[in-house]
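The structure under discussion appears below in the form of structure tokens.
So that the names make sense, note that chain A is the first sequence line, chain B the second, and so on, each numbered from 1. Please read all numbers here as calculations on a predicted model, not as lab measurements.
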Amino acid sequence: MFIPFQLLIPELSKSHQTISKTKQLHALITKTHLSLDPFYATKIVRFYALNDDLSSACNLFDEMPNRSVFLWNSIIRAYARARDFPKAFGLLKEMVRSETKPDSFTFACVLRACSENNDVDGLRSVHGGLVAFGLGIESICSSALVCAYSKLGLVGVASKVFKRVADPDLAMWNSMISGYGYCGFWDDGLKLFNAMRIVGEKPDGYTMVGLLSGLADPGLLGIAKGIHGSCLKNSFDFNVHVSSSLVCMYSRCNCLISAHEVFRGLLNPDLVTWTALITGFSQSGDNKNSLAFYREMNMKDVKADPVLIASALTASAQLSIVGPGCELHGYVLRHGLETDIMVSSSLIDMYSKCGFIDLAMLSFKILPHEDIVVYNAVISGLGSHGLASEAFRIFNEVLEKGLRPDESTFSALLHACWHAGLVNEGKQIFSRMKDEFDIEPETEHYVHMVKLLGMAGKLKEAYDLVTTLSEPVDAGIWGALLACCETHGDSRLAENVVHHISENKPEKSSYWVMLCNIYAKEGRWDEVKKLRDGMTNSGQRKTPGLSWITGSNSSVTSLMTAEMP
DNA sequence: ATAGGGTTAG
């Protein structure tokens, strides 16, 4: 097939071309010397980018003697979208030195790349660059800056940029409102929303989504309902993004009844909305309903994608029933999703949480081993089955591959050591994590260390480790230590720990119950009675779930109701 | 002539 010259312009005007047509168009403009005009090349670079053939796009770009802003922007955009940020950055630097100067669109594109790449330093330097080109208060650059800074959590800097813009347009208002939303400053978002209406700017769907995205606490349900009402009044509930945000927001606020209500009001919920609902139920602990909704969705003509499959697999893992997980595995195989990172790591996690570590390993073995997330899933699976040496073998594979372990990798390894009672190995990996890999231990790492040391009877060492932390120490860490005191019947240390906890979190009655248990073991019933009366008087009779610390709370309940000798 | 900045699940 050959493209005649008369068809060049019509073919270039299309929005998409196959890779073979793109190559023919490329050849055609080279032969006719139309490649001297960057207009044609710009179109073809776009086609290459849409076909994920960046090296051909780059060859064409390199051949071009004249490069317009359009041509530069399209090649930079192509690399930025393909997440080859070093190349996109390099091209921007080259462009700055060239005769064609970057414009606001060039910078907007690179700014987005910085935020997707979590590159704060890059962001600051691009910010400096665009100011040098006189684009510091230009609206496209400013809204891109506000978004990029807030996505990286620097909402203060974002708001400084915002305040310098004299007459913000709708996109600018929206960027700042959703910026506050990402960072959880819903109240600042709401203030800005009101300010926006005072100056007569009409909000749109983006504005509402931005406002909703900041709400993630059951305590904010009143505010949430208010914003929901305002969405209804303005008919924004017909916007799929707004309605899906409403479903997510109610799920985050743990109000699944409202999430479900909003969902049921939709004529045609899309995949995103289904996922919001299914994930919402799973995250609130109602995994049965989560899977029921997944089945309901399958009856309709909505096709699940990797994100949804991963979420449904997580729900099955939490139920520890392998049946639905196997069904999902079948779907994964039929649709060729088994190499997707999210899917495969949840599949490994599901099989190991359901007790089938061999099936987890089987899913792992067929994968191209190149992502730390998948390794973390398998290390954590092996560890929770007591197979610590296997877990360490996989860890060494990570290092041999040149992959960088992250905080979850170490969390999984420490957990593995705890399961297998490998105190020295645990201590060793804990220091390597800091010294060799430069990862600061977080609460979960300390909890694992305390459990590891405590279970081995090294209560004093565990206590010393906790006291090296700066106050306030997370109550979960003290709780883990207290559980170890309970196992070993060390009431002196337990009293000390409870004292530490009650300085920060006096309302946590479960810790008092554990101390109560320790006294009971020692037969100090007078102490038990004192504690129990004290708790009854302060209305703290109910014991919240302790399973995450002790593995079971049945002994606690029986003690609290038992008659004392 | 050309595309190019702001939103949603995980």
Using whole Å, what does the distance between atom [atom2] of nucleotide [N] and atom [atom1] of [X] come to?
X: A:Tyr182; N: B:dT8; atom1: OH; atom2: C1'; result: 10 Å
X: A:Leu111; N: B:dG6; atom1: CG; atom2: C1'; result: 13 Å
X: A:Tyr48; N: B:dT2; atom1: OH; atom2: P; result: 22 Å
X: A:Leu25; N: B:dT2; atom1: CG; atom2: C1'; result: 15 Å
X: A:Leu277; N: B:dG10; atom1: CG; atom2: P; result: 12 Å
X: A:Leu71; N: B:dG4; atom1: CG; atom2: C1'; result: 14 Å
X: A:Lys151; N: B:dT8; atom1: NZ; atom2: P; result: 7 Å
X: A:Lys202; N: B:dG6; atom1: NZ; atom2: P; result: 23 Å

With the side chain of [X] defined as its heavy atoms from C-beta on, choose the nearest nucleotide among [options].
X: A:Asn174; options: B:dG6, B:dT7, B:dG5; value: B:dG6
X: A:Thr279; options: B:dA1, B:dT8, B:dG10; value: B:dG10
X: A:Ser175; options: B:dG6, B:dG4, B:dT8; value: B:dG6
X: A:Cys147; options: B:dT7, B:dG5, B:dA9; value: B:dT7
X: A:Thr275; options: B:dT8, B:dG10, B:dA9; value: B:dA9
X: A:Ser143; options: B:dA1, B:dG10, B:dG5; value: B:dG5

So what does [X] hit on the nucleic acid, given a heavy-atom distance under 4.0 Å: a base, only sugar-phosphate, or nothing?
X: A:Asp340; value: nothing
X: A:Cys109; value: nothing
X: A:Ala171; value: base
X: A:Tyr40; value: nothing
X: A:Ile177; value: nothing
X: A:Asp204; value: base
X: A:Ser139; value: base

Practice task
Specify whether A:Phe293 and A:Phe281 have parallel, tilted or perpendicular ring planes, treating 30° as the upper limit for parallel and 60° as the lower limit for perpendicular.
Solution key: tilted
Practice task
Just say parallel, tilted or perpendicular for the rings of A:Phe133 and A:Phe107, cut-offs at 30° and 60°.
Solution key: tilted
Answer yes or no: does a side-chain N or O of [X] lie under 4.0 Å from OP1 or OP2 of [N]?
X: A:Arg77; N: B:dG5; result: yes
X: A:Lys14; N: B:dT2; result: no
X: A:Gln283; N: B:dG10; result: yes
X: A:Tyr206; N: B:dT8; result: no

Handout entry: Ring centers of A:Phe89, A:Tyr79 separated by less than 6.0 Å
Key = no
Handout entry: Between A:Trp173 and A:Phe162, ring centroids under 6.0 Å
Key = yes
Handout entry: Short N-O contact, A:Arg164 and A:Glu138, less than 4.0 angstrom
Key = no
Handout entry: A:Glu444 and A:Ser411 side chains, donor-acceptor separation under 3.5 Å
Key = yes
Practice task
Please confirm whether any donor atom in the side chain of A:Asp103 sits under 3.5 Å from an acceptor in the base of B:dG4, or the reverse.
Solution key: yes
